[in-house]
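Have a look at the structure below, then the notes.
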There are 2 protein chains.
Amino acid sequence: MTNFSVSEENYIKSIYHLQQDTHTVNTNSLAVEMNTKPASVTDMLKKLKQKKILQYEKYKGFRLNENGKKIALTVVRKHRLWEFFLANNLGFEWDKVHAIAEELEHISSQELIQKLDNYLGNPSFDPHGDPIPDKHGNIPHLKQRCLAIAPINKTLIVSSVTNQTAEMLDMLKHYKIKIGSSLKIIRHFTFDGSMEIRLLKNAACVISDPVAKNVFVHYD
Amino acid sequence: MTNFSVSEENYIKSIYHLQQDTHTVNTNSLAVEMNTKPASVTDMLKKLKQKKILQYEKYKGFRLNENGKKIALTVVRKHRLWEFFLANNLGFEWDKVHAIAEELEHISSQELIQKLDNYLGNPSFDPHGDPIPDKHGNIPHLKQRCLAIAPINKTLIVSSVTNQTAEMLDMLKHYKIKIGSSLKIIRHFTFDGSMEIRLLKNAACVISDPVAKNVFVHYD
DNA sequence: AATTATTTTTAGATTTGTCTAAAATATATT
DNA sequence: AATATATTTTAGACAAATCTAAAAATAATT
Ligand SMILES: [Mn+2]
Ligand SMILES: [Mn+2]
Ligand SMILES: [Mn+2]
Ligand SMILES: [Mn+2]
């Protein structure tokens with residue numbers, strides 16, 4: 001496990017996230033994800049292959065090998081621990097933490113991240129409800145279910161949010177939906193797939209199907 | 001106040017520190033300080049001059065102008081706040097914080113550093129006793145005096161340490177001398193300039209002149 | 001199967017930050 | 001003042017990360 005540049009780490013992390021969905025990642029989607037040009041992606045792919053981090057055959061797509069995944073997980077771990085710190089200790093709103101963690105995740109000290117982890121109380125989930133890998137790369141798993149298909153009239157706990165754009169988070173803030181919020185589904189509307197919900201100690205409200213599709217919950 | 005790269009920020013900070021002593025800084029000393037080659041320094045000087053941060057005439061030395069000093073102070077502020085966090089909150093020893101803060105000082109968010117400052121309780125001094133500039137660049141000043149020439153038999157408070165190498169800090173740790181320690185000078189030895197001191201609740205001990213020259217104290 | 005469109009890679013250029021070796025300037029010594 | 005030494009700058013090269021434009025490979029459509 002050599003040393004990786006900021007740029008390499010960003011590529012590795014993005015590939016990791018993309019290959020969760022698409023089993024084999026292609027050049028264009030990575031270019032979109034990284035806000036760069038396909039030619040630049042190809043250059044980096046060659047480098048990562050040479051560093052024995054990546055399975056890659058020209059024109060055939062690519063994915064991280066075990067070494068690559070390990071590196072990705074350390075970056076993800078750092079990202080989410082810093083996000084937790086920013087939200088929980090410094091009081092940042094959850095839609096502001098990502099951009100800053102994007103820089104902090106590249107600080108290299110192992111000892112720092114271990115001490116930070118302990119200082120924060122070894123949290124398992126970041127402010128968006130995403131799991132924080134432990135120092136061995138193990139990811140805590142929470143069986144969660146999309147709010148759109150969750151059972152009616154049962155107490156549900158919001159566990160994560162897929163779409164983490166500022167627009168989405170602004171919307172959730174309006175409804176006072178946060179990670180950890182308790183809510184019940186009162187009824188569905190078949191007309192547009194919207195649903196009426198009630199948050200603990202709040203009046204009932206109606207959320208649209210696109211919103212419900214982005215919210216994940218767990219229950220006992 | 002444009003945006004500066006990590007490398008530029010490091011140069012700016014080093015120039016700032018050097019020009020505290022030598023009123024006009026020269027290429028070679030900056031090269032030594034930055035662990036680089038004089039030719040690289042010259043290249044950077046041209047760039048910083050062009051960015052209107054630096055007073056610089058070929059072959060005649062250089063120094064930061066007011067704009068440059070302002071930028072230097074924001075970097076110093078970030079560096080020392082992070083050092084405080086690392087020592088005070090995460091429990092790092094004071095000889096481990098510098099290297100990590102050298103990376104953290106380049107995180108760009110203004111809001112982050114302001115929230116961190118508040119979270120830490122707006123500290124005035126870092127773990128080495130160096131003053132932390134406030135958000136306007138004002139530096140808290142503590143009239144301190146070198147231990148080597150401090151008055152005998154008076155209660156002295158250790159306020160800072162000039163030489164912050166691991167070797168020096170290792171030595172101070174052995175004597176249990178920390179920032180904030182109370183001590184009295186018992187006597188001087190003219191033979192080698194060493195002195196006998198006694199730390200609060202400790203046996204007396206003898207420290208060498210080079211050690212005493214690096215420790216600064218204040219008293220009422 | 002041939003043609004068209006899309007995706008991916010290559011070739012060559014650019015910017016940033018660094019380096020070595022040589023040239024220019026300034027300083028010190030005889 | 002002339003010469004030697006030290007310091008600083010320039011010239012030219014290189015690695016990393018990016019880009020544009022063109023070429024090559026793959027996929028989709030007639
Ligand atoms: Mn990043
Ligand atoms: Mn997150
Ligand atoms: Mn630095
Ligand atoms: Mn310090």
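Values below: all heavy atoms of this structure, side chains included; hydrogens, waters and symmetry mates excluded. Chain letters run A, B, ... following the sequence lines, proteins first and then strands; every chain starts at 1.
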Exercise. Are OP1 or OP2 of C:dT10 and a side-chain N or O of A:Lys58 less than 4.0 angstrom apart?
Worked result: yes
Problem set entry | Presence of salt bridge, B:Lys69 and B:Glu66, under 4.0 angstrom | yes
Exercise. So what does B:Thr42 touch, heavy atoms closer than 4.0 Å: a base, only the sugar-phosphate, or nothing?
Worked result: base
Problem set entry | Side-chain H-bond candidate by donor/acceptor type, B:His106 with B:Asn10, under 3.5 Å | yes
For this session: For A:Phe62, report the nucleic acid contact type (base, sugar-phosphate, nothing); a contact means any heavy atom under 4.0 Å.
Result: nothing
Seminar exercise, completed: Rounded to whole Å, the OH-P distance (B:Tyr59 to C:dA23) equals 13 Å
For this session: Measure the distance from NZ on A:Lys60 to P on D:dT26 and round it to the nearest whole Å.
Result: 7 Å
For this session: May I have all residue pairs that pass salt bridge (Lys or Arg N to Asp or Glu O under 4.0 Å) and include part of residues 10-29 of chain B, sequence neighbours excluded?
Result: B:Lys13-B:Glu102, B:Lys13-B:Glu105
For this session: Name every residue in residues 102-109 of chain A that has at least one heavy atom under 4.0 Å from any atom of DNA chain C, in order of residue number, or write none if there are no such residues.
Result: none
Per-pair distances, 0.1 Å, donor-acceptor, side chain in residues 50-59 of chain B, under 3.5 Å, sequence neighbours excluded:
{"residue": "B:Lys51", "atom": "NZ", "partner": "B:Glu8", "partner atom": "OE1", "Å": "3.3"}
{"residue": "B:Lys51", "atom": "NZ", "partner": "B:Glu8", "partner atom": "OE2", "Å": "3.0"}

For this session: Tell me which residues in residues 14-36 of chain A put a heavy atom below 4.0 Å from DNA chain C, sorted by number, or none.
Result: A:Asn26, A:Thr27, A:Asn28
Exercise. Checking A:Lys49 against A:Phe62: charged group under 6.0 Å from the ring centre and within 45 degrees of the axis?
Worked result: no
Problem set entry | B:His23-B:Gln19 side chain donor-acceptor pair, cut-off 3.5 Å | no
For this session: Check the angle between the aromatic planes of A:His98 and A:His128 and answer parallel, tilted or perpendicular using the 30° and 60° thresholds.
Result: perpendicular
Problem set entry | Contact pattern, 5' to 3', of nucleotides 11-16 of chain D - B, S or - by protein heavy atom under 4.0 Å | -----S
Would you list the atom pairs, donor with acceptor, under 3.5 Å between side chains in residues 168-176 of chain A and any protein atom, with sequence neighbours excluded?
{"residue": "A:Tyr175", "atom": "OH", "partner": "A:Val206", "partner atom": "O", "Å": "3.1"}

Problem set entry | Residue pair B:Ser108 / A:Glu103, side-chain donor-acceptor N/O under 3.5 Å | yes
Exercise. For the residue pair A:Phe85 and B:Trp82, does the interplanar ring angle fall in the parallel (under 30°), tilted (30 to 60°) or perpendicular (over 60°) class?
Worked result: tilted
Problem set entry | Contact under 4.0 Å: A:Lys37 side-chain N or O vs D:dT18 OP1/OP2 | no
For this session: Give B:Lys46 one of three labels, base, sugar-phosphate or nothing, depending on what nucleic acid heavy atoms sit under 4.0 Å from its own.
Result: sugar-phosphate
Problem set entry | Donor-acceptor side-chain pairing of B:Asp43 and B:Ser40 below 3.5 angstrom | no
